[in-house]
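Read the structure below first, then the notes.
One-based numbering along the sequence shown.
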Amino acid sequence: MPYHPTLSPNPLAPKKSLNLKNICASTKETPPFTLLIAMRFADVIGQKAIKNRLLAMTAENRIPHAMLFLGAEGVGSLPLAIALAQYIDCTGDKSGGDSCGQCPACRKNERLVHPDVHYIFPIAKLGQNDDTDTYLPQWRQTVTRTPYFGQADWTEAMTAHKSASSKSDDDAAPAASPSKQILIAKDAALAIHTKLSMKPTEADRQIMIVWKPELMNDTTSNSLLKILEEPPTDTIFILVSEAPQKILPTILSRTQTFRIPPIEETDLQTAISRSAGIVGSEAKRIAHIAQGSFTAALRQISQSETDARNLATFQEMMRAAWKADVVMMNNIAEACRAMSREQAKSFLAYSQRMIRESFILNLDDTRLNFLTQPEEDFLVKFAPFVHVNNVERLAALIDDTTARIEQNGNVRMTLKSMILNLTVLIRKTQRPAATV
């Protein structure tokens, strides 16, 4: 029979109180090792069906002028785009179904310096004159370390790069806060036109890889649409997206979509073992939790401080909501003042996952849960408070809070408002009685 909670004594009470100063804190993360430099198809984790489709398309000279690689974070959309560009440009022996990795074109693509392969990506304008080229060296460094990274990782890399540049230049203004939204702005539209106005210098065609086109502003979107409507000759566009619903429908209609599925768990487990030397049940556990994303697996491997911080914040937030402790709510909101906008969004995404995992935990089927041990230890107590009568409203509340922060809402006030609403949902909307 399912467990039904009572509101007293407090089932969410911690074994010992947590220091609020340690939650919501901003901590810079460093990847624990260099991982899987994926420039050839052989280096892309799994995705055999997509690789075969791309190889067949290229062999038959049916390469569309505009492609959309659509997949969740960490499934390999960007590595596949880079591998395809290198394969197209390769001038060596491709009889094995992959680029040779040895010819001059492959060598340049490995370093992301091929003159006919261009990259457009979102940036945070941390300086007045910042544009895409400002961050091109950091982009190359990030991608060549491992192309399996997410938006939060890229934002952190830009901030670190800008801070280092400011310190090395006595006349430079200090870097701005990383709380600014990252965008593909109008300077990127100009860069696209400028780069594609020239003829290819070494290859037969130019390739433009646009990472996260869903972050284009209106000016850039309309500019890209015009190019796709009248594409330059000998040009290929590869858009790498996680959120096509945020892209203009007219742009989507001019691309051929390649849906990149989650990485198979066995392939992910093999990659974890190769990259980190983790084998057996631990590699299997990490692969299961990662849900087809190598980026998520990397975060599990590194036991990131961000995840631990998010769990601590989630625990304290839910305890404050359950107790309806206004003072505690205010203290948590004040502690979260240190959060950047991207960190707040990351925390809310984590909270959304915890709500989902809590609801699934009540189904008593552990195969459907993807939890670390510390997460499971807390959710065993918390899960009964997430049920059919409130799960949709809890999820909607977190979505609404994320939208307000994306619209430049005050992080502290927005999170405080969310906690107040959580109190109503957790305490007053009770799970229905069990039926036999």
Side-chain angles (χ1 to χ4, degrees), residues 30-45 47 51 54 58 63 67 69 74 76-94 96-123 130-151 153-158 160-162 164-165 168 184 188 191-192 194-196 198-212 234-240 271 274-275 294-295 298:
T30 303
F33 34 70
T34 300
L35 295 154
L36 298 177
I37 310 306
M39 302 300 168
R40 303 174 69 239
F41 284 126
D43 299 314
V44 178
I45 304 169
Q47 306 299 0
K51 292 175 188 176
L54 294 174
T58 307
I63 305 174
M67 292 173 274
F69 285 14
S77 303
L78 180 60
L80 280 166
I82 296 171
L84 177 60
Q86 180 164 318
Y87 182 78
I88 292 171
D89 287 343
C90 177
T91 58
D93 181 10
K94 296 192 283 188
D98 209 339
S99 53
C100 72
Q102 301 297 323
C103 68
C106 284
R107 294 293 192 190
K108 291 177 182 178
N109 269 303
E110 284 176 356
R111 303 195 308 274
L112 274 63
V113 295
H114 196 290
D116 298 316
V117 180
H118 312 289
Y119 295 91
I120 296 295
F121 42 84
I123 67 168
D130 284 358
D131 58 17
T132 303
D133 288 343
T134 304
Y135 294 102
L136 189 55
Q138 190 62 28
W139 170 260
R140 288 172 177 149
Q141 180 180 334
T142 301
V143 175
T144 53
R145 185 174 61 218
T146 173
Y148 290 89
F149 62 90
Q151 181 173 323
D153 304 311
W154 173 233
T155 301
E156 186 65 43
M158 281 189 290
H161 170 70
K162 196 66 178 179
S165 299
S168 64
I184 300 179
I192 292 173
T194 302
K195 295 177 188 298
L196 297 184
M198 298 178 286
K199 295 289 185 181
T201 58
E202 296 183 11
D204 294 332
R205 65 196 88 191
Q206 296 198 83
I207 301 174
M208 178 69 69
I209 297 176
V210 182
W211 183 62
K212 296 190 77 70
D234 302 323
T235 298
I236 298 172
F237 279 90
I238 307 177
L239 310 185
V240 180
R274 283 173 49 204
S275 62
F294 188 61
T295 304
L298 295 184

[X] to [Y] - nearest heavy-atom pair and separation:
X: D116; Y: E202; result: OD2-N, 2.8 Å
X: F69; Y: S77; result: CD2-O, 3.5 Å
X: I123; Y: M158; result: CA-SD, 3.6 Å
X: E110; Y: M39; result: O-CE, 3.7 Å
X: C100; Y: G92; result: SG-CA, 3.8 Å
X: R40; Y: A83; result: C-CB, 3.7 Å

- Task: Carefully, step by step, assess F237 and I120 under the rule side chain to side chain contact (heavy atoms under 4.5 Å, CB included).
- Result: CA-CA 11 Å; F237 279 90; I120 296 295; over 6 Å; no
- For the side chain to side chain contact (heavy atoms under 4.5 Å, CB included) test, which of L196, I192, V210, T194 pairs with H118?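 The option that passes is L196.
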- Is T295 close to D153 at the side-chain level, that is, under 4.5 Å between some pair of heavy atoms?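 D153 vs T295: side chains touch.
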- Message: With a 4.5 Å cut-off on side-chain heavy atoms, are F294 and S275 touching?
- Response: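 Answer yes - side chains close enough.
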- Task: Could you walk me through whether L112 and T144 pass the side chain to side chain contact (heavy atoms under 4.5 Å, CB included) test, one step at a time?
- Result: CA-CA 8 Å; L112 274 63; T144 53; 4.0 Å; yes
Could you tell me whether the side chain of [X] and the main chain of [Y] form a donor-acceptor pair under 3.5 Å?
X: K195; Y: M208; result: no
X: K108; Y: P115; result: no
X: Q141; Y: A157; result: no
X: D98; Y: F41; result: yes

- Geometric class of the Y119/W139 ring pair [parallel <30°, tilted 30-60°, perpendicular >60°]: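 Ring orientation, 0 to 90° scale: tilted.
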- Can you label the angle between the W154 ring and the W211 ring as parallel, tilted or perpendicular, going by 30° and 60°?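 Rings of W154 and W211: perpendicular, as their planes differ by over 60°.
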- Query: Checking side chain to side chain contact (heavy atoms under 4.5 Å, CB included) for the pair I207/L84: CA distance, chi angles, key distance, verdict?
  - Reply: CA-CA 10 Å; I207 301 174; L84 177 60; over 6 Å; no
- Query: Are V143 and F149 close enough, and set up right, to give a side chain to side chain contact (heavy atoms under 4.5 Å, CB included), and what steps lead you there?
  - Reply: CA-CA 8 Å; V143 175; F149 62 90; 3.8 Å; yes
